[in-house]
Amino acid sequence: MTILSRASLEPQEITEFLKREIKLKDVSEKILYQKVINRAAVQRNLTVTAEEIQEEADKFRHQNRLEKASDTLAWLADNMITSDDWEAGIRQHLLAKKLSKSLFDKDVEKFFGQNRLDFDQILLYQIIVANDKLAQELFYQIEEKEISFYQAAHIYDIDEERRQKCGFEGKLYRWNLRSDIAAIVFGVPIGQVVNPVKTPQGYHILMVERFIPAELTPERYDEILDRLFQDWLNRELNYMLHSDTMLDNVESQTAEVLGQ
């Protein structure tokens, strides 16, 4: 048992800490999301079986190398939860997955087709420098092969992390980029270095290493399903809070009338 698990913490202390750290709203939202999910699952007769929970728990133990029962018990103690707490968390996770599929499984393909361009991706490299003169000089040096794009990024980029990666920005969707940058990089030939582009960040020298056409892979299916489900959760939560507020107002007004 860890020192933390032996510490005595009062619920009020935890609440006050979350307030100070400006995290209480996020935690409260997650609790309310669970209420929305549970209510909708009951309405649709969705349940999670003991076998499904066991399968998910076994998968987690395998992924986290908790093969022995003693390893699992130690992990539970270290995280200050009981096996019942863990099971309840798994149940809630699986119930949310079942509900999301029940609601939006048939809508994923349609959403993907309507927004196909948004799911195109590129492997992007870029150099960002602070002034136009340096940007133009680097661009011409790269064009004339006096220095490679990667060397220039490693030496001159204003961001230390990107310097260490020789300008590698990552695998990006259109929505990850400013609209003006996206319009350029999704139309440029592979490997062509783009003339410096000015933004509030500085002057960008861009190069696309690979274009990845949109495809409805299992990973992208899950991504779209999660997005549709989260949008639905937000709408349901807003409706629930609005309805509760209206109900409180009605009850308050009724009490005032009866008290007169």
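Since this is a predicted model, take the numbers as computed values, not measurements. Below, each value reflects all heavy atoms present in this structure, side chains not excepted, and no hydrogens, waters or symmetry copies. The residues of the chain are indexed from 1 along the displayed sequence.
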**Short N-O contact, Lys165 and Glu161, less than 4.0 angstrom** = yes
At their closest point, which heavy atom of [X] faces which heavy atom of [Y], and how far apart are they?
X      : Y      : result
Val129 : Ala135 : CG2-CB, 3.6 Å
Arg210 : Ile212 : NH1-CG1, 3.9 Å
Ala40  : Leu99  : CB-CD2, 3.8 Å
Val188 : Val194 : CG2-CG2, 3.8 Å

Is there a donor-acceptor pair closer than 3.5 Å between any side-chain N or O of [X] and the backbone N or O of [Y]?
X      : Y      : value
Asp85  : Thr82  : yes
Asp120 : Pro213 : no
Arg91  : Val48  : yes
Glu16  : Glu13  : no
Asn79  : Trp75  : yes
Gln92  : Gly89  : no
Arg220 : Glu215 : yes
Asn64  : Leu66  : no

According to a 4.5 Å side-chain heavy-atom criterion applied to Ile, Leu, Val, Met, Phe, Trp and Tyr, with indirect links allowed, do [X] and [Y] form part of one hydrophobic cluster?
X      : Y      : answer
Leu172 : Val193 : no
Tyr150 : Ile158 : no
Met207 : Ile147 : yes
Ile128 : Ile205 : no
Leu206 : Phe149 : no

N/O donor-acceptor pairs under 3.5 Å from side chains in residues 101-116, not counting sequence neighbours:
residue, atom, partner, partner atom, Å
Asp105, OD1, Tyr221, OH, 2.4
Asn115, ND2, Phe111, O, 2.8
Arg116, NH2, Ala214, O, 3.3

Take atom [atom1] in [X]; do more than 12 heavy atoms of anything else shown fall under 6.0 Å from it?
X      : atom1 : result
Lys98  : NZ    : yes
Phe211 : CZ    : yes
Glu21  : CD    : yes
Gln230 : CD    : yes
Phe119 : CZ    : yes
Glu160 : CD    : no

Heavy atoms, side chains only, cut-off 4.5 Å: are [X] and [Y] in contact?
X      : Y      : result
His62  : Asp58  : no
Asn234 : Leu237 : no
Asp71  : Arg65  : no
Phe60  : Ile90  : no

How many angstroms lie between atom [atom1] of [X] and atom [atom2] of [Y], to the nearest 0.5 angstrom?
X      : Y      : atom1 : atom2 : result
Glu10  : Gln12  : CD    : CD    : 9.5 Å
Leu123 : Glu169 : CG    : CD    : 11.5 Å
Glu219 : Ile224 : CD    : CD1   : 12.0 Å
Phe229 : Asp231 : CZ    : CG    : 11.0 Å
Glu209 : Leu124 : CD    : CG    : 10.0 Å
Phe139 : His204 : CZ    : NE2   : 15.5 Å

**Item:** Trace of the side-chain hydrogen bond (donor to acceptor under 3.5 Å, both in side chains) decision for Tyr173 with Glu223
**Value:** CA-CA 13 Å; Tyr173 291 108; Glu223 179 185 327; 2.9 Å; yes
**Item:** Which residues share a salt bridge (charged side-chain N to carboxylate O under 4.0 Å, His left out) with Arg163, sequence neighbours left out
**Value:** none
**Request:** Check step by step if side chain to side chain contact (heavy atoms under 4.5 Å, CB included) holds for Thr199 and Arg178.
**Result:** CA-CA 9 Å; Thr199 76; Arg178 288 169 51 97; 3.7 Å; yes
**Message:** The test is side chain to side chain contact (heavy atoms under 4.5 Å, CB included); show your working for Leu138 and Tyr156 and say whether it passes.
**Reply:** CA-CA 9 Å; Leu138 288 175; Tyr156 295 103; 3.5 Å; yes
**Message:** Could you tell me if Arg61 sits above the aromatic ring of Trp86, with its cationic atom closer than 6.0 Å to the ring centre and no more than 45 degrees from the axis?
**Reply:** no
**Item:** Test side chain to side chain contact (heavy atoms under 4.5 Å, CB included) applied to Phe186 and Val208, step by step
**Value:** CA-CA 8 Å; Phe186 276 91; Val208 176; over 6 Å; no
**Prompt:** So, Asn38 versus Gln34: side-chain donor-acceptor pair below 3.5 Å or not?
**Reply:** no
**Asked** Do Ile142 and Ser148 pass the side chain to side chain contact (heavy atoms under 4.5 Å, CB included) test, and can you show the C-alpha distance, the side-chain angles, and the key distance before you say yes or no?
**Response** CA-CA 6 Å; Ile142 294 168; Ser148 75; over 6 Å; no
